[in-house]
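What follows is a single structure, written as structure tokens, with notes after it.
Chain identifiers are assigned alphabetically (A, B, ...) following the order of the sequence lines, protein sequences preceding nucleic acid strands; residue numbering begins at 1 within each chain.
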2 protein chains.
Amino acid sequence: MRAEKEIFGKYLSRHNLRDTPQRELILDTFLKREEHISAEDLYDIVKKRDPSIGQATVYRMLKLLAEAGLARELDFGDCIKRYEHNYNHPHHDHLICRKCEKTVEVVEPQIEDLQKRVAEKYGFKLTDHSLYLYGYCANCRKRGN
Amino acid sequence: MRAEKEIFGKYLSRHNLRDTPQRELILDTFLKREEHISAEDLYDIVKKRDPSIGQATVYRMLKLLAEAGLARELDFGDCIKRYEHNYNHPHHDHLICRKCEKTVEVVEPQIEDLQKRVAEKYGFKLTDHSLYLYGYCANCRKRGN
DNA sequence: TTGCTTGCAAAGGATTTGCAACATG
DNA sequence: CATGTTGCAAATCCTTTGCAAGCAA
């Protein structure tokens with residue numbers, strides 16, 4: 001967390017932006033989360049520590065964190081932006097349970113390789129991709145799904 | 001197109017739904033398109049043939065087409081629902097140019113296999129997935145991207 | 001005739017933005 | 001003290017929905 005805060009601090013000064021208690025609180029809360037989180041959910045948590053905070057501030061901050069390279073935006077296909085840690089948290093894909101919404105991060109170098117090769121086959125230079133695997137997790141299947 | 005219209009007709013009667021000129025016009029327009037299309041864009045086209053049509057009708061119709069198995073919903077990560085043909089048009093992934101938005105449909109059985117295996121490794125039973133590959137197409141790269 | 005459909009406009013949900021008051025460097 | 005930042009509410013974007021009038025079966 002120290003490293004992330006330092007990075008963010010540098011990002012702020014480099015861009016002539018200011019360090020505010022709101023930004024510190026939001027960053028702190030975001031960093032403590034292990035799982036990805038939506039702006040709305042983060043707002044709910046942050047509000048408990050500072051009821052006067054506005055949700056626009058949270059939205060703005062998450063965008064800022066993404067720009068600073070500390071957060072990465074996810075898209076589970078429901079039009080809700082979720083953010084996960086990006087620092088020291090290499091690329092991975094997501095496995096998502098259709099029933100309980102449990103998510104698992106998966107890394108599969110072979111899939112990445114294949115994607116690159118497929119793209120090249122069509123003359124594309126790959127920059128990034130988004131892969132979400134949907135299904136039913138072990139738990140939910142046991143209970144008859 | 002004949003087959004699709006027949007399927008849709010059957011779907012309507014089986015569900016006690018009605019055949020209307022609006023539905024016919026929208027289906028016809030959708031079927032003539034080769035590429036995926038958003039509700040809004042489809043509405044713009046349809047409106048030229050019948051200016052009195054409402055966009056809600058187009059939205060409702062696209063949902064109906066998806067239910068009837070004639071259309072498939074895409075999600076390019078921008079919160080806009082796009083629909084492509086589903087009949088006689090097997091599953092594939094999309095390669096999308098970040099510059100000119102050109103899209104290419106790609107099929108790679110190996111990727112599908114791998115996904116299934118990865119899911120199983122984590123105890124998941126895969127139902128579906130969403131894979132979008134983003135990059136720069138041959139054309140855009142030539143011009144210096 | 002019954003009840004599905006339509007077009008309209010209003011509502012919806014997530015996110016963004018304009019603005020005046022405020023606070024940081 | 002210049003300028004970035006905040007909270008609020010209004011605006012935005014795409015999509016859905018309530019409703020009264022219209023139309024298919």
Side-chain angles (χ1 to χ4, degrees), chain A residues 5 8-30 36-68 71 73-83 101, chain B residues 5 8-30 36-68 71-83:
Chain A
K5 289 184 182 178
F8 189 61
K10 281 181 186 160
Y11 182 85
L12 290 180
S13 44
R14 200 180 329 122
H15 290 261
N16 272 327
L17 302 176
R18 286 166 190 173
D19 193 10
T20 69
Q22 289 94 331
R23 284 184 176 158
E24 277 180 15
L25 171 58
I26 296 168
L27 175 55
D28 205 67
T29 311
F30 173 71
H36 50 79
I37 190 167
S38 66
E40 200 126 16
D41 289 348
L42 184 55
Y43 171 58
D44 286 341
I45 299 173
V46 152
K47 207 170 35 181
K48 286 180 190 152
R49 282 221 257 160
D50 175 3
S52 73
I53 212 160
Q55 51 173 325
T57 304
V58 176
Y59 276 97
R60 287 189 272 236
M61 178 64 175
L62 281 171
K63 185 168 281 186
L64 205 55
L65 285 177
E67 283 162 22
E73 222 177 275
L74 303 180
D75 166 29
F76 288 4
D78 57 1
C79 271
I80 296 178
K81 285 183 186 165
R82 289 156 219 270
Y83 295 84
E101 300 201 309
Chain B
K5 289 185 180 176
F8 188 62
K10 283 181 185 158
Y11 181 85
L12 289 181
S13 44
R14 201 181 327 122
H15 291 261
N16 272 329
L17 302 176
R18 285 165 191 173
D19 192 11
T20 69
Q22 289 93 332
R23 284 183 175 159
E24 277 181 14
L25 171 57
I26 296 168
L27 175 55
D28 205 67
T29 311
F30 173 71
H36 51 80
I37 190 168
S38 66
E40 201 126 15
D41 288 348
L42 185 55
Y43 171 59
D44 286 341
I45 298 174
V46 151
K47 208 169 34 179
K48 285 179 190 152
R49 283 221 257 161
D50 176 1
S52 72
I53 212 160
Q55 51 173 328
T57 304
V58 177
Y59 276 97
R60 288 189 273 237
M61 178 64 175
L62 282 171
K63 186 170 281 186
L64 205 55
L65 286 177
E67 283 161 22
R72 186 190 296 140
E73 224 176 273
L74 302 180
D75 166 30
F76 287 6
D78 57 2
C79 272
I80 296 177
K81 286 184 185 163
R82 289 157 221 271
Y83 295 84

Query raised in the report: Below 4.5 Å, heavy atoms only, C-beta onward: do Gln22(A) and Val46(A) meet side chain to side chain?
Result: no

**Report entry** Test item: Lys81(B) and Tyr59(B) side chains (from C-beta on) under 4.5 Å apart, heavy atoms
**Finding:** no

Query - Side-chain N,O (Tyr59(B)) to OP1/OP2 (dT15(D)) below 4.0 Å - result: yes

Query - Members of residues 74-81 of chain A that approach DNA chain C, where some heavy atom sits under 4.0 Å away - result: Cys79(A), Ile80(A), Lys81(A)

Query raised in the report: Can you tell me how far the CG atom of Leu27(A) sits from the CG atom of Leu62(A), to the nearest 0.5 Å?
Result: 10.0 Å

**Report entry** Heavy-atom check, side chain of Met61(B) versus side chain of Leu42(B), under 4.5 Å
**Finding:** no

Query raised in the report: What are the 5'-most and 3'-most nucleotides of DNA chain C lying under 4.0 Å from any heavy atom of chain A?
Result: dA14(C) to dG25(C)

Query raised in the report: Ile80(A) and Glu40(A): side-chain contact (heavy atoms from CB on, under 4.5 Å), yes or no, with the steps?
Result: CA-CA 9 Å; Ile80(A) 296 178; Glu40(A) 200 126 16; over 6 Å; no

Report task. Return the value, rounded to whole Å, for the distance between atom OH of Tyr83(B) and atom C1' of dC14(D). Result -> 11 Å

Requested in this report: Evaluate the side-chain proximity of Phe76(B) to His36(B): yes if any heavy-atom separation is below 4.5 Å, no if none is.
Outcome: yes

Report task. Return the set of residues passing side-chain contact (heavy atoms from CB on, under 4.5 Å) with Asp41(B) (not counting sequence neighbours), or none when no residue passes. Result -> Ile37(B), Ser38(B), Asp44(B)

**Report entry** Rounded (10°) bend between the five-pair end axes of the helix from dT1(C)-dA25(D) to dG25(C)-dC1(D)
**Finding:** 30°

Query raised in the report: When rounded to the nearest 0.5 angstrom, what is the spacing between CG in Leu64(B) and OG1 in Thr57(B)?
Result: 11.5 Å

Query - Atom-pair distance (CZ on Arg14(B); P on dA25(D)), nearest Å - result: 16 Å

Query raised in the report: Atom CZ in Arg72(B), atom CZ in Arg82(B): separation rounded to 0.5 Å?
Result: 15.5 Å

Report summary line: For Ala68(A) and Phe8(A), the nearest pair of non-hydrogen atoms, with its separation, is CB-CD1, 4.2 Å

Query - Distance (rounded to the nearest 0.5 Å) between Ile53(B) CD1 and Leu25(B) CG - result: 5.0 Å

Enumerate all atom pairs, one protein N or O and one N or O from nucleotides 4-6 of chain D, separated by less than 3.5 Å.
| from | atom 1 | to | atom 2 | distance (Å) |
| --- | --- | --- | --- | --- |
| dG4(D) | O4' | Arg18(A) | NH1 | 3.3 |
| dT5(D) | OP1 | Arg18(A) | N | 2.7 |
| dT5(D) | OP1 | Arg23(A) | NH1 | 2.3 |
| dT5(D) | OP1 | Arg23(A) | NH2 | 3.2 |
| dT6(D) | OP1 | Thr20(A) | OG1 | 2.8 |
| dT6(D) | O3' | Gln22(A) | NE2 | 2.9 |

Report task. Specify the residue among Tyr43(B) and Ala56(A) whose closest nucleotide of DNA chain C lies further upstream toward the 5′ end. Result -> Tyr43(B)

Query raised in the report: Tell me: CD of Gln55(A) to C1' of dG7(D), nearest whole Å?
Result: 11 Å

Less than 3.5 Å apart, which donor and acceptor atoms pair up between the side chains of residues 13-21 of chain B and the rest of the protein, not counting sequence neighbours?
| from | atom 1 | to | atom 2 | distance (Å) |
| --- | --- | --- | --- | --- |
| Ser13(B) | OG | Gly9(B) | O | 3.2 |
| Ser13(B) | OG | Lys10(B) | O | 3.3 |
| Thr20(B) | OG1 | Arg23(B) | N | 3.1 |

Requested in this report: Report yes if the side chains of Leu65(B) and Tyr83(B) come closer than 4.5 Å at any heavy-atom pair, otherwise no.
Outcome: no

